[in-house]
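Quick note: numbers below take in every heavy atom, side chains included, and nothing from hydrogens, waters or symmetry partners. Naming: A, B, ... by sequence-line order, numbering from 1 per chain. No experiment lies behind these values; they were computed from the predicted model shown.
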2 protein chains.
Amino acid sequence: MLAPLDPDMFDPACPSALTPVRVGTKWGAMIVRCLADGPRRFGELRVPLHGITPKVLTSSLRRLERDGYVSRTELAGPVRQVEYALTPLGRSLLDPLDAACAWASAHWDEILDAADAALAREQAVAH
Amino acid sequence: MLAPLDPDMFDPACPSALTPVRVGTKWGAMIVRCLADGPRRFGELRVPLHGITPKVLTSSLRRLERDGYVSRTELAGPVRQVEYALTPLGRSLLDPLDAACAWASAHWDEILDAADAALAREQAVAH
DNA sequence: CGGTATCCCGGGTGATACTG
DNA sequence: CAGTATCACCCGGGATACCG
């Protein structure tokens with residue numbers, strides 16, 4: 001059995017502007033990483049992606065599927081169940097993605113500082 | 001003296017949808033890589049970024065500057081000259097970016113195949 | 001549970017033309 | 001040379017509500 005996803009695996013203090021490395025869409029890289037340990041279901045994915053709306057999750061998954069990173073399988077059974085899994089191509093993305101995440105955590109402070117400075121400059125211009 | 005940028009350093013057969021790894025904007029990662037060997041001027045950057053309009057290049061550079069990846073320096077002199085260079089933070093991006101590029105070239109065929117298949121599916125739906 | 005249907009908004013992208 | 005100005009378009013993102 002697969003361990004459940006950590007609801008806090010992505011820092012909510014990290015606005016999308018601060019996650020410069022993306023896969024396709026804003027949520028692409030996060031979704032791929034959610035699937036790293038094995039197939040996940042729609043509802044499972046919603047947990048760590050704080051507050052993503054179903055529509056956006058669907059469209060993000062559809063794009064990842066279209067681009068060959070993710071596969072979608074409807075499981076037979078009495079209750080509806082859909083599993084999303086990484087394709088070989090999607091799995092190959094984990095390495096560069098890990099490199100990007102390692103970079104982000106190594107330079108987290110500088111990234112936040114730059115964002116703060118940018119914000120401060122914005123405020124200054126407003127006055 | 002710095003060698004001029006290769007006009008073909010980016011494959012024009014690679015639409016942005018096929019370059020999933022981005023830095024900020026569509027052009028961000030490419031610009032950062034253009035600055036890898038040293039400072040470059042506005043006009044120099046336009047060469048390898050086939051057909052980027054000055055407005056878009058400006059806004060991309062402004063964002064990279066705002067986010068702390070790139071510095072902008074106006075050189076004194078009779079003719080106007082502006083140099084863009086990587087900050088230490090920007091230079092630190094080169095490693096994960098190289099990993100992403102290595103991934104892209106290693107899986108180029110699969111990426112193109114997936115794009116072709118997606119296009120074919122689109123056409124099929126149209127009929 | 002795993003989605004759609006609607007409506008809306010902002011901004012990234014671009015073509016074209018003009019400027020100090 | 002290194003940009004601005006203007007206008008336009010599209011689409012990703014999001015809120016809300018509803019469906020099989």
Side-chain angles (χ1 to χ4, degrees), chain A residues 4-5 10 12 14-20 22-31 34-35 39-67 70-85 118 122, chain B residues 4-5 10 12 14-20 22-31 34-35 39-67 70-85 118 122:
Chain A
L5 289 169
F10 301 114
C14 175
S16 74
L18 300 184
T19 55
R22 297 185 170 199
V23 173
T25 65
K26 168 178 175 181
W27 303 95
M30 287 184 262
I31 293 173
C34 285
L35 299 175
R40 299 288 183 180
R41 294 167 55 189
F42 192 86
E44 279 185 282
L45 291 173
R46 298 185 66 173
V47 177
L49 306 173
H50 311 98
I52 190 176
T53 62
K55 180 201 147 191
V56 172
L57 179 53
T58 301
S59 67
S60 302
L61 284 168
R62 291 274 132 72
R63 187 188 326 267
L64 289 173
E65 191 190 357
R66 191 203 63 184
D67 293 344
V70 162
S71 67
R72 178 179 178 279
T73 332
E74 301 206 23
L75 303 178
V79 296
R80 185 145 185 231
Q81 226 167 325
V82 180
E83 256 187 13
Y84 292 94
E122 252 178 56
Chain B
L5 289 169
F10 301 113
C14 175
S16 73
L18 301 184
T19 56
R22 298 183 169 198
V23 174
T25 65
K26 168 178 176 182
W27 303 96
M30 287 184 261
I31 293 173
C34 285
L35 298 175
R40 299 288 183 181
R41 293 168 53 192
F42 192 86
E44 278 184 282
L45 291 173
R46 298 185 66 173
V47 178
L49 307 173
H50 312 98
I52 190 175
T53 62
K55 181 201 148 191
V56 172
L57 179 53
T58 301
S59 66
S60 302
L61 284 168
R62 291 274 133 72
R63 186 187 327 265
L64 290 172
E65 190 189 358
R66 191 203 63 183
D67 294 343
V70 162
S71 67
R72 177 179 179 280
T73 333
E74 302 205 22
L75 304 178
V79 295
R80 184 140 186 233
Q81 227 167 321
V82 180
E83 254 186 14
Y84 293 93
E122 252 179 56

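The interatomic distance linking A:Leu57 (CG) with D:dA15 (P) rounds to 14 Å, in whole Å. Between the CG atom of B:Leu61 and the P atom of D:dG3 there is a distance of 8 Å, given to the nearest Å. Atom pair A:Ile52:CD1 and D:dG12:P shows a separation of 14 Å (rounding to whole Å applied). Per the geometry, CG belonging to A:Leu45 stands 13 Å off C1' belonging to C:dG3, to the nearest Å. Between B:Phe42 atom CZ and C:dG20 atom P the separation is 17 Å, expressed in whole Å. One atom, CG of B:Asp67, and another, P of C:dG12, lie 11 Å apart when rounded to the nearest Å. If you measure from atom CZ of A:Arg46 to atom P of D:dG13, you get 16 Å, rounded to the nearest angstrom. To the nearest angstrom, C1' of D:dG13 lies 18 Å from NE2 of A:His50.
Out of D:dA2, C:dG3, D:dT16, the shortest distance to the side chain of A:Val82 is found at C:dG3. Comparing C:dG14, C:dG3, D:dG12 by their closest approach to the side chain of B:Trp27 singles out C:dG14. With D:dG14, D:dA2, D:dG12 as the candidates, the nucleotide lying closest to the side chain of B:Arg72 is D:dA2. The listed nucleotides are C:dT4, D:dG14, C:dG2; the one nearest the side chain of A:Arg62 is C:dT4. For B:Arg80, counting side-chain heavy atoms from C-beta on, the closest listed nucleotide (C:dC1, D:dG3, C:dA15) is D:dG3. Of all nucleotides listed (D:dG3, D:dA17, C:dG14), D:dG3 comes nearest to the side chain of B:Tyr84. Residue A:Lys26 has its side chain nearest to D:dG14 when only D:dG14, C:dA15, C:dG12 are considered.
Between B:Trp27 and B:Leu57, the closest side-chain pair of non-hydrogen atoms is not below 4.5 Å. Between B:Phe42 and B:Pro54, the closest side-chain pair of non-hydrogen atoms falls below 4.5 Å. Between A:Arg63 and A:Thr25, the closest side-chain pair of non-hydrogen atoms falls below 4.5 Å.
Taken to the nearest 0.5 Å, the CG atom of B:Leu49 stands 8.5 Å off from the OG atom of B:Ser60. One distance of note links OH of A:Tyr84 with CG of A:Leu45; it measures 8.0 Å at 0.5 Å rounding.
Nearest-nucleotide positions on DNA chain D place B:Glu74 closer to the 5' end than the other of B:Glu74 and A:Lys55. Looking at which nucleotide of DNA chain D each of A:Pro54 and B:Glu83 is closest to, the 5′-most match is held by B:Glu83.
Contact between the side-chain N/O atoms of B:Arg41 and the OP1/OP2 oxygens of D:dC1 is not found at any separation under 4.0 Å. The side chain of A:Arg63 contributes an N or O atom lying less than 4.0 Å from OP1 or OP2 of D:dG12.
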